[in-house]
Structure formats: structure tokens, C-alpha cells
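Structure record follows, encoded as C-alpha cells.
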Amino acid sequence: MNKIYQFIALNFKELVRFFGSTNFSKSLITVIAVVTPIALGVWLKHTEIGLAIGFGAFWSSPSDVHGSQKHKILGILLSAALVMVVSFIGGYLHYQPWLSMIILGVTSFAIALISSYGFRASLIGFSGLLALVLSFAHTPDELEIFEYSLLVGLGGLWYLALSIFWYSINPKGQTEEILYETIGRTGKFLEIRGKLIDRNNNRKKLQASLFVLQSELTEQHEMLREILILSRKNSGRSVYNGKRLLVLVQLIEMLETAGANPVDYPKMDKKFEGFSEFTQLFQNLIFKMANQLQLISVLGNKPKQIPEHDSLSTCFDEIRTKLLNLSKSNKANAYEAFIMFQNLLEYQEKQFQKLKRIKWLLSDNEVASDEFIDKKILKRFLISQDYSPQILLQNLTLRSTIFRHSLRLAITLMIGFVLGNVFSFQNPYWILLTIILIMRPNYGLTKTRSKDRTIGTLIGGVIAGVIVYLVQDMYVYVGLALVSLIIALSMVQKNYKASATFITLTIVFVYGILQPNVFLVIQYRILDTLVGAGLSYIGFLFLWPSWSFEEIEKIVAKSVAANRGYLFQIADFYNRKGQVSTSYRLSRKSAFVETANLSSAFQRMTQEPHSKQKNLNKIYELVELNHYFLSSLSSLSMYIQHQNTTDASDKFNAVISKIDNNLSKVLQTLDSDKAKDEKCFVEDISSFENQLPKLESNDVNFSEQENTEMKRHHQEEQLVREQLRLLISLSSNMLKLTSNLK
């Protein structure tokens with residue numbers, strides 16, 4: 001019975017979160033923006049005016065996605081302008097079929113090409129495609145085409161007004177939702193890292209999960225940067241945004257610290273089997289921190305319910321006591337184990353400090369003005385989109401993925417148009433609408449959407465058929481259509497199959513109001529969806545397909561180059577000490593972003609046909625090596641930032657130079673048409689290791705102060721030596737792998 005109550009409570013919380021989400025509020029605004037003018041138009045007997053304004057509002061809504069308010073407003077305005085122009089063009093598509101087909105192809109190609117300017121631009125283009133395709137569904141009888149187009153543009157402004165009004169009521173909603181989602185995902189990341197400590201867990205599978213999660217977190221960090229930095233008032237600092245930015249900084253550093261690996265787990269398993277109690281101790285500690293982050297994520301903005309530090313402090317005290325006993329042990333390898341575990345403990349202490357800082361910032365505490373980050377510095381961390389015409393010109397080639405997608409989409413729409421007219425489908429525009437909703441630049445998403453759209457339509461058709469058979473009440477249909485539309489729009493990003501189901505329900509109920517033979521509508525709806533989904537899938541396979549293996553090496557090169565830049569900044573800081581520079585932080589951000597991009601590209605590759613997964617195993621090895629390389633860099637970075645390190649030796653700089661040389665050759669190999677047989681410098685690190693002092697317990701025979709200093713010195717030796725050994729090994733393996741890849 002308790003399990004049932006827990007299940008109900010959990011689902012109830014999820015339902016409450018869904019109703020409080022920005023996806024739900026946006027879908028509600030969209031439905032209000034669409035239904036209100038249509039209802040007023042019908043009531044005032046100016047139905048066409050109401051429909052035009054409603055269509056304009058609906059077509060302008062896709063560009064209202066997460067981001068700064070400035071970018072949202074600009075996106076909606078551009079969408080309104082585009083749908084107005086497209087509606088004017090679309091008004092003339094009902095006269096000569098052959099001419100309509102050509103105009104459809106040319107216009108859809110031009111609109112799709114807008115996505116060359118990034119994600120928000122692709123949504124603006126999607127609005128234009130919606131307006132173009134749905135112009136086949138409605139031809140104004142009472143209005144002139146230019147009047148209809150102007151009213152469509154007015155509908156976009158009407159939606160913008162509602163969006164701004166909602167933002168004025170709930171300006172923090174978007175920020176809070178993404179921030180707490182990011183906190184929860186960071187907790188999940190820590191939890192998986194904790195599982196990696198246990199040798200009995202499937203580390204390969206866990207590592208793959210980390211790759212995906214790190215990509216998601218990097219994307220959310222970028223989104224939060226844009227929202228928080230660009231939303232700050234020019235007249236002064238916003239305390240709310242300033243505190244949230246400081247939380248974001250802590251989350252970014254937590255990701256880096258969690259990704260860092262101060263110990264080689266397989267080596268630790270083999271060498272320190274006699275100290276297995278530390279595995280459980282460290283796991284419990286990491287799990288508790290992860291659970292606290294996930295609890296904060298669930299609680300949301302409730303400062304008084306933020307968990308206390310007590311249980312974590314107890315865990316730290318227990319580990320410190322065990323480590324103190326270990327440092328005095330005469331057991332073989334005890335001192336070396338102590339140094340390794342001490343380094344691991346200090347990393348967790350850094351995480352604990354960040355966690356405490358996050359809790360403090362999310363509470364109702366005041367933050368001194370000098371703690372806020374300067375806006376000029378912050379803006380350097382934003383990735384600004386280049387909107388010059390040169391970008392468009394660079395994409396006017398078959399080598400461009402966007403160009404091929406635009407051409408593929410245009411040809412597929414033209415084929416769909418011909419089939420819809422030749423075979424006299426009831427609503428041929430449904431085929432076109434299905435194509436623009438399903439077809440994407442990459443194979444994996446196109447295939448998934450084709451499947452989800454088909455299954456969702458079939459499920460929706462069956463459910464709608466049962467309801468229509470049992471209920472013949474127009475008012476019920478109106479209510480169900482509105483509810484279905486709200487749910488469908490709110491689930492587009494989260495669950496496309498469910499969204500397709502509710503969209504089908506909406507369409508069937510709307511037609512149930514307009515005409516008696518609803519079952520015929522359901523049949524045609526399913527048939528049109530099957531044709532559109534089939535055309536989308538086949539079109540991708542045969543019309544200038546874009547396969548990941550064609551681009552993956554360039555993405556690998558970008559990630560390697562970013563890691564190389566991060567390595568240079570770390571080595572430079574270790575040599576000169578002092579304050580961490582902005583260029584250092586920028587190089588770190590670039591390394592994480594490019595590594596996340598590489599993970600995403602590889603995930604896309606795994607979703608493609610086996611015949612197109614060329615060198616998949618080698619590419620996966622490269623992705624793994626690159627992640628491990630960044631993890632090792634992060635370990636080195638975190639240590640030298642937070643410890644008083646000794647002067648960098650010539651040996652250190654020599655090994656850094658060899659690592660850099662290996663990475664340089666990796667980049668040359670990836671950029672070359674011919675593989676080169678390069679010598680790898682694996683043996684250099686062994687000679688470097690032999691010159692370092694061995695960590696033995698009999699070295700520690702000094703005063704307490706000298707003893708502490710010696711332990712600190714040994715910790716630095718252990719970590720720096722371990723990471724350099726790992727970095728040069730990884731860079732050498734990358735070089736071997738890329739040479740074989742070519």
C-alpha cells in the first residue's frame with residue numbers, strides 16, 4: 001500500500017511540475033492567442049478576420065523558446081514578418097497546379113535555408129514553412145490577399161503582446177525552471193560519478209551515460225548564460241540575476257570537478273584492494289551530495305526547505321578519521337594509498353564548498369555588490385551568432401548540411417504536392433504538413449519522428465474514434481479539442497509521440513464540429529500521415545543524405561583543438577601562478593562545449609544505418625579518449641587552482657611540450673588526406689616518472705609541520721605525475737588511432 005501511495009504522490013508531483021512548466025504556459029498562451037480572435041470573429045460575423053489573426057498568432061509562436069527576452073521578441077517579430085510575406089505568396093498558390101508546385105519548391109527551399117543562422121533562425125523558418133503549407137488549407141473569400149496577409153502579421157503582434165504580458169507577470173519562471181533542472185542534472189552527474197568508484201558496476205555503460213548527460217548540461221549552461229547575462233538591466237545590476245549567475249558559476253565548476261578524475265579507478269582497484277572500505281565511504285559521500293542537489297531541484301525556490309549540511313559533515317569527519325589512521329599504518333602501500341585518497345577527499349571537499357555556496361545563494365541571504373560578476377566580462381562567455389550575408393553564401397554548396405536539407409525538403413514537398421493532387425487526397429496539405437514536421441537535417445531525428453508521428457497518429461485516431469462513437473455533443477468536442485491542443489503543444493519537445501497523439505485528437509474533434517462524417521476524417525488523417533512520414537524517410541535516404549561520418553572528423557578536430565588550448569592555459573597558470581584569467585575560463589568553456597558537441601555528433605552517428613557507421617568503433621575510441629583527456633585536464637586544473645603548488649619544473653614543461661606536440665600531430669593527421677606514420681612518445685613519461693621521488697612512509701620522519709609539508713608535496717607529486725602520465729598516454733593513443741583512421 002505504501003508503494004501505491006508513493007507512486008501516486010510521485011506522479012502527482014510530476015503533474016504539478018508539468019502544469020507549472022514554461023512549456024505548458026507557452027502552449028496555454030498559444031491556444032488563447034489562436035482561439036480568442038477566432039471566437040470573436042465568429043461572434044461578430046467576421047470569421048475570416050478572426051481566422052487570419054489566429055493563424056498569424058499560431059505561426060509566430062514556434063520562435064518563442066528559451067532564451068533572453070530580447071531574442072524572443074526579435075524572433076517573434078521576424079516570424080510575424082515572414083509569415084505575412086509567405087501568406088501573401090501562398091495566396092496565389094491555388095490557381096495553376098504546376099506553377100504552385102514550382103513556387104512551393106523554391107519558397108520552401110529559401111525558407112529552410114534561413115536555418116544557416118542557428119537554432120532560433122531555424123524556428124523562424126519553421127514558422128514560414130507552416131504558413132506556406134497551411135495556405136493550401138484556407139483561401140480567403142471575403143478578404144483581399146494583401147488584407148489577409150496584413151491580418152496574419154497582426155496575429156503575430158497579438159501573440160507577441162500576450163507573450164510580453166505573461167513575462168511581466170512571471171519574469172523569473174523560465175530562469176527558475178532551467179536553473180533547477182540544471183541543478184538536478186548536476187546531481188545526477190555526481191551520482192553516476194559515484195557509481196564509477198565501484199569496480200562491480202558497468203563502467204563502460206556509466207561512462208556512456210556521462211557523455212550524454214554532460215552534453216545536456218553544457219547546453220543548459222549556455223542557455224542560462226544567455227538568459228541571465230542578456231536579461232540584466234543596463235542601468236544597474238539585478239540582484240536576482242546576479243545571484244543566479246553566481247549559482248551558475250558554481251554549477252559549471254561542479255561539473256568540471258565531477259568530470260575531473262584525480263585517481264585512475266582501474267589502477268586504484270588493482271593496487272589498493274586492501275583498502276576497500278574507502279570505496280563505500282567515498283560513494284556514500286558523493287551520493288549524499290548528489291541527493292541534496294536533486295532534492296533542491298525538486299523543491300524549487302523554497303529557501304527554508306533547503307537541506308542542512310550535517311549528514312555531509314559527518315561523512316567527511318568519518319573519512320578524515322580513517323585517513324588519519326591510514327597515514328600511520330605500516331601496511332604495504334599504505335602511504336601511497338593515503339596520498340591518493342587524500343587527493344580524492346580534497347576534490348570532494350571542493351564540491352562540498354560549492355554545494356554550500358549554492359545553498360547559501362538560493363537562500364534569502366544578501367550578497368555584497370562586489371561579488372557580482374562584471375557584465376563586460378560575462379558577455380565574453382556568450383556565443384554570438386553571426387548574421388552576415390557571408391554565412392548564407394557559405395552554405396550555398398552541396399557540402400553544406402543545411403543546403404542539402406533545404407534542397408531535400410523542397411523536393412520532398414513537391415513530390416508530396418503532386419501525390420496529394422494526382423490521387424485526390426481529401427486534405428493533401430496534411431501530407432505537406434507531416435513532411436515539414438518530420439524531416440530534419442539528420443537521419444536519426446527524421447527516423448524517430450517518422451515512427452513517433454505514425455504511432456501517435458494511429459493511437460490518436462483510435463482514441464478519437466472511440467470518443468466520437470460514444471459521444472455526439474459539439475460542446476464536448478470543443479472542450480476536448482482545446483484541452484488536446486494545449487497538451488499537444490506543451491509536449492512537442494518532451495514527448496513527440498504523445499504530442500502527435502493529442503494533435504490528432506485536436507484535428508478530429510475540430511472536424512467533428514464542422515462535418516458529420518468524422519470517421520472518414522480519421523481514415524484520411526492516418527493515410528496522409530503514413531504517406532508524409534514515408535516520403536520524409538525515403539527522401540532523406542535518397543535525396544542528398546547527410547551522414548555523420550562525413551563531418552565527424554572535423555568535430556573531433558575542433559574538440560582536440562579546444563583541449564589543446566585548455567592544456568596551454570593550465571600549463572601557463574602552473575608556471576606563473578596568480579589569479580585565474582578570463583582567457584583561462586574561456587578555454588575551459590570551449591573545451592567542455594566542443595567535447596559535448598563531439599558526444600552529440602557520435603550519438604547521431606549511432607542512430608544511422610550500419611552501412612553508414614564507418615569506423616564507428618574507432619570513432620567511439622576517439623570520443624572516449626577525448627573525454628578522458630578533458631577529465632585529466634580538469635583534474636590538473638582543479639588542483640593547481642586551489643592549492644599552493646610548487647614551481648613548475650623543466651621536466652613538467654618538457655612533458656607538456658610533448659603532449660602538445662602529440663595533439664598538434666593529431667590535428668595534422670585529421671586535416672590530411674593521407675595518413676602519416678608518426679612516432680609516439682609513450683616512453684618519455686616513464687623516464688619522467690623514474691626521476692620523481694617515490695612515495696614511501698619512511699620518508700615522513702620530520703616535525704609535524706615538516707611532515708604536513710612533505711605530505712602536501714607528495715600529494716602534488718602524485719596527482720601531477722599521474723595526470724601527466726595519463727595525458728601523454730591519451731595523446732599518443734589519439735595519434736595512433738587517427739593515423740589508423742586515415
Inset, instruction - Would you indicate whether the side-chain heavy atoms of Leu130 and Leu433 approach each other to under 4.5 Å? - result: yes
Legend entry - Heavy atoms of other groups near Lys447 NZ, more than 12 under 6.0 Å: no
Inset, instruction - Before giving the answer on side-chain contact (heavy atoms from CB on, under 4.5 Å), spell out for Phe549 and Ile619 the whole-Å C-alpha distance, their side-chain angles and the decisive distance to 0.1 Å. - result: CA-CA 9 Å; Phe549 76 85; Ile619 294 296; over 6 Å; no
Legend entry - Intermediate values then yes/no, side-chain contact (heavy atoms from CB on, under 4.5 Å), Tyr117 and Ile124: CA-CA 10 Å; Tyr117 291 108; Ile124 294 170; over 6 Å; no
Inset, instruction - Can you establish whether the number of heavy atoms outside Gln493 located under 6.0 Å from its atom CD is more than 12? - result: no
Legend entry - Nearest atoms (heavy-atom pairs only) where Thr446 meets Ile438: O-CG2, 3.7 Å
Inset, instruction - Indicate yes or no for a side-chain donor-acceptor contact from Tyr159 to the backbone of Val34 under 3.5 Å, with no hydrogens or angles considered. - result: no
Legend entry - Aromatic ring pairing Tyr537/Tyr443, orientation class (parallel under 30°, perpendicular over 60°, tilted between): tilted
Inset, instruction - Determine yes or no for a side-chain-to-main-chain donor-acceptor pair under 3.5 angstrom, with Ser168 supplying the side chain and Phe165 the backbone. - result: yes
Legend entry - Straight-line distance of Ser63 OG to Phe119 CZ, nearest 0.5 Å: 10.5 Å
Inset, instruction - Would you check if Leu616 and Phe602 make a side-chain contact, meaning some heavy-atom pair closer than 4.5 Å? - result: yes
Inset, instruction - Give a yes or no on whether the backbone of Leu160 and the side-chain of Ser163 come within a donor-acceptor separation of less than 3.5 Å. - result: no
Inset, instruction - State the OH-OG1 distance between Tyr180 and Thr175, to the nearest 0.5 angstrom. - result: 11.0 Å
Legend entry - Check: Ser108 side chain, Gly105 main-chain N or O, donor-acceptor pair, under 3.5 Å: yes
Inset, instruction - Would you mind telling me which of Leu527, Asp528, Leu413 makes a side chain to side chain contact (heavy atoms under 4.5 Å, CB included) with Ile431? - result: Asp528
Inset, instruction - Answer whether the closest heavy-atom distance between the side chains of Leu419 and Leu535 falls below 4.5 Å. - result: yes
Inset, instruction - Compare every heavy atom of Val86 with every heavy atom of Gly128, then report the nearest pair and how far apart it is. - result: O-CG1, 3.5 Å
Inset, instruction - Return yes when atom CD of Glu181 has more than 12 non-hydrogen atoms of other residues, nucleotides or ligands closer than 6.0 Å, and no otherwise. - result: yes
Inset, instruction - Considering non-hydrogen atoms only, spot the tightest contact between Met414 and Met101 and give its length. - result: CG-O, 3.7 Å
Inset, instruction - Using the side-chain hydrogen bond (donor to acceptor under 3.5 Å, both in side chains) rule, collect all pairs that involve residues 393-415, keeping only residues at least two apart or in two chains. - result: Asn395-Ser400, Arg404-Glu550, Arg408-Ser546
Inset, instruction - With Ser548 as reference, evaluate Gln607, Glu608, Gln603 under the side-chain hydrogen bond (donor to acceptor under 3.5 Å, both in side chains) test and give the passing residue. - result: Glu608
Inset, instruction - Can you measure from CG (Leu213) to CG (Leu217) and round to the nearest 0.5 angstrom? - result: 5.0 Å
Legend entry - Heavy atoms from other residues, nucleotides or ligands near NZ of Lys558 exceed 12 (cutoff 6.0 Å): no
Inset, instruction - Check Ala481 against Val510 and note the closest heavy-atom contact, atom names and distance. - result: CB-CG2, 4.2 Å
Legend entry - Distance in Å, Gln220 CD paired with Thr182 OG1, rounded so as to fall on 0.5 Å steps: 3.5 Å
Legend entry - Separation of Ile467 CD1 from Asp473 CG (nearest 0.5 Å): 13.0 Å
Inset, instruction - State the CD1-CZ distance between Ile38 and Phe55, to the nearest 0.5 angstrom. - result: 6.0 Å
Inset, instruction - Spell out, as yes or no, whether a donor-acceptor pair under 3.5 Å connects the side chain of Ser499 to the backbone of Asn495. - result: no
Legend entry - Side chain Ser27, main chain Leu489, donor-acceptor under 3.5 Å: no
Legend entry - Note, Thr22 side chain near Ser25 side chain (heavy atom, < 4.5 Å): yes
Inset, instruction - Taking Glu48 for its side chain and Leu143 for its backbone only, find out whether a donor-acceptor pair lies under 3.5 Å. - result: yes
Inset, instruction - Verify, without hydrogens or angle tests, whether Arg449 (side chain) and Leu437 (backbone) share a donor-acceptor contact under 3.5 angstrom. - result: yes
Inset, instruction - Carefully, step by step, assess Thr457 and Thr501 under the rule side-chain contact (heavy atoms from CB on, under 4.5 Å). - result: CA-CA 5 Å; Thr457 301; Thr501 300; over 6 Å; no
Inset, instruction - Step by step, work out the side-chain contact (heavy atoms from CB on, under 4.5 Å) result for Leu129 and Leu409. - result: CA-CA 10 Å; Leu129 289 170; Leu409 180 65; 3.7 Å; yes
Legend entry - pair Leu396-Leu393: side-chain heavy atoms closer than 4.5 Å: yes
Legend entry - Minimum side-chain heavy-atom gap Phe509-Val476 below 4.5 Å: no
Inset, instruction - Keeping the roles fixed (side chain from Ser127, backbone from Leu123), state whether a donor-acceptor pair exists under 3.5 Å. - result: yes
Legend entry - Side chain proximity check, Tyr496 to Thr448, heavy atoms < 4.5 angstrom: no
Legend entry - Sequence-distant partners of Tyr429, ring pair (Phe, Tyr, Trp, His ring centres under 6.0 Å), two or more places apart: none
Legend entry - Minimal non-hydrogen separation, Trp158 against Ala33, with atom names: NE1-O, 2.8 Å
Legend entry - Closest contact, heavy atoms only, Ile402 versus Ala112: CG2-O, 4.3 Å
Inset, instruction - Would you indicate whether the side-chain heavy atoms of Val65 and Met223 approach each other to under 4.5 Å? - result: no
Legend entry - Polar side-chain atom of Glu551 near backbone of Trp547 as donor-acceptor pair, under 3.5 Å: no
